[in-house]
Number of protein chains: 2
Amino acid sequence: MKRSDPKSHCPINFSLEAFGDTWSLLIIRDIVYFGKNTYGEFIESEERISSNILASRLAHLELKGILVKKPHATDKRKEVYFLSDKGLDLIPILLELAGWGALYDPETDAPQNWISAVKADRESMIRLIRDTVRNGGSIFSGPDSVVSKLAIT
Amino acid sequence: MKRSDPKSHCPINFSLEAFGDTWSLLIIRDIVYFGKNTYGEFIESEERISSNILASRLAHLELKGILVKKPHATDKRKEVYFLSDKGLDLIPILLELAGWGALYDPETDAPQNWISAVKADRESMIRLIRDTVRNGGSIFSGPDSVVSKLAIT
DNA sequence: CAATATAACTTGCATTATGAAAGTAATAAT
DNA sequence: ATTATTACTTTCATAATGCAAGTTATATTG
């Protein structure tokens, strides 16, 4: 799946080797934007990742220290995936990717209010998202979502 | 090489489909950080992209409107690749990827002074890089490089 | 000016990654 | 006790990648 020796120690290449495949950032997006954290939730995403690829990406992200897997508190069938601090540090990258995509996709799903809110006060938004996600919340989903805290329509 | 219909209109997915493969951002890095702009210069990069993949990625990035190809002014064998405005808008993403990689790779090649300088004044640094690259310069290479303008050691 | 070199690719083919579908083992719900 | 869920794994076909060796046009060198 992935080569073990790095192609270079260029910091951009290091990042790409850690999470720069087709699917990893979509999994991380699901956690940060939509509050997903189980295999079953990830596999429901609209991009339709296949089950074997999802399993390999989750394992890779865990190996890289970006995700942490814990048994579910009450349901022993479930595993719950969280972002480590290293994973939470990907939030600025997600925001930039979303900003570029929202700007150039004429059919984007991104709410313009949200994109504007991020541009208007980036640093404090990063802090708010980080704290929210660390506590199990997300940007768009759940009662403690970032958008509900900020009352973004 | 790439599917033509988008998997979704999630802005993050849109970005990943445009430049989110293993090599595209390394080509763009070569332009922005090192002032490369020909096939022969890209193929010399330390990550050792193969010639057919380089050709396919250049074609894809041109198709997506991120790169623009022009014949070389004096040498008719050469083609010169530039970033369009859409491509220049990827600079913030490169900076974030580099910041994360520099933070987490203990053997990173990234100069700490540079990483700190970007963190210290991100917005004006983005403007300076953008203007420099638009005029054919780069962050690290050439007489008009960003680091020489700023006298970063 | 003829021969060689360079630049930007392309082609062929082996290897590897991806993706769809079906299967499995453990636990939970009925 | 039976059925349903959950998180994977396995199998196999297809597609992407990567290496090596062309190819064509233009430039350089003796």
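Chain identifiers are assigned alphabetically (A, B, ...) following the order of the sequence lines, protein sequences preceding nucleic acid strands; residue numbering begins at 1 within each chain. Here the structure is a predicted model, which is why all the values come from computation and not from measurement.
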Provide, to the nearest angstrom, the distance between the [atom1] atom belonging to [X] and the [atom2] atom belonging to [N].
{"X": "B/Ile43", "N": "D/dA21", "atom1": "CD1", "atom2": "P", "result": "15 Å"}
{"X": "A/Asn52", "N": "D/dC12", "atom1": "CG", "atom2": "P", "result": "14 Å"}
{"X": "A/Lys78", "N": "C/dA28", "atom1": "NZ", "atom2": "C1'", "result": "10 Å"}
{"X": "B/Leu54", "N": "D/dG18", "atom1": "CG", "atom2": "P", "result": "12 Å"}
{"X": "A/Asp21", "N": "C/dT18", "atom1": "CG", "atom2": "C1'", "result": "11 Å"}
{"X": "B/Leu26", "N": "D/dT17", "atom1": "CG", "atom2": "P", "result": "13 Å"}
{"X": "A/Ile49", "N": "D/dC8", "atom1": "CD1", "atom2": "P", "result": "13 Å"}
{"X": "A/Lys7", "N": "D/dT17", "atom1": "NZ", "atom2": "P", "result": "11 Å"}

Could you check which of [options] has an atom nearest any side-chain atom of [X]?
{"X": "A/Ala55", "options": "D/dT9, D/dA7, D/dT26", "result": "D/dT9"}
{"X": "A/Ile53", "options": "C/dG19, C/dA7, D/dC19", "result": "C/dG19"}
{"X": "A/Tyr39", "options": "D/dT9, C/dA26, D/dA27", "result": "D/dT9"}
{"X": "A/Arg77", "options": "C/dC9, D/dC8, D/dT5", "result": "D/dT5"}

Exercise. Please state whether the rings of A/Phe140 and A/Trp114 are parallel, tilted or perpendicular, taking 30° and 60° as the class boundaries.
Key: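 The rings of A/Phe140 and A/Trp114 stand perpendicular, inter-plane angle above 60°.
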Are OP1 or OP2 of [N] and a side-chain N or O of [X] less than 4.0 angstrom apart?
{"X": "A/Trp23", "N": "C/dT18", "answer": "no"}
{"X": "B/Lys69", "N": "C/dC9", "answer": "yes"}
{"X": "A/Arg57", "N": "C/dT18", "answer": "yes"}

Quiz item: Is any side-chain N of the basic residue among B/Glu41 and B/Lys78 closer than 4.0 Å to the acidic one's carboxylate O?
Solution: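 No salt bridge links B/Glu41 with B/Lys78.
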Exercise. Using only heavy-atom distances, decide whether a donor-acceptor pair under 3.5 angstrom links the side-chain of B/Thr22 to the base of D/dT17.
Key: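 No pair found.
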Practice problem: Nearest 0.5 Å please: distance from the CG atom of B/Leu103 over to the NZ atom of A/Lys86. | Solution: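 Here the interatomic distance stands at 9.0 Å.
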Practice problem: Mark yes when over 12 heavy atoms from residues, nucleotides or ligands other than A/Lys76 sit less than 6.0 Å from its NZ; otherwise mark no. | Solution: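 Not more than 12 within 6.0 Å, no.
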Practice problem: Select base, sugar-phosphate, or nothing to describe what B/Tyr81 touches, counting heavy atoms under 4.0 Å on all strands. | Solution: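 Sugar-phosphate, backbone atoms only, no base.
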Quiz item: Any side-chain donor-acceptor pair under 3.5 Å between A/Lys36 and A/Ser45?
Solution: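 Present: a donor and an acceptor within the cut-off.
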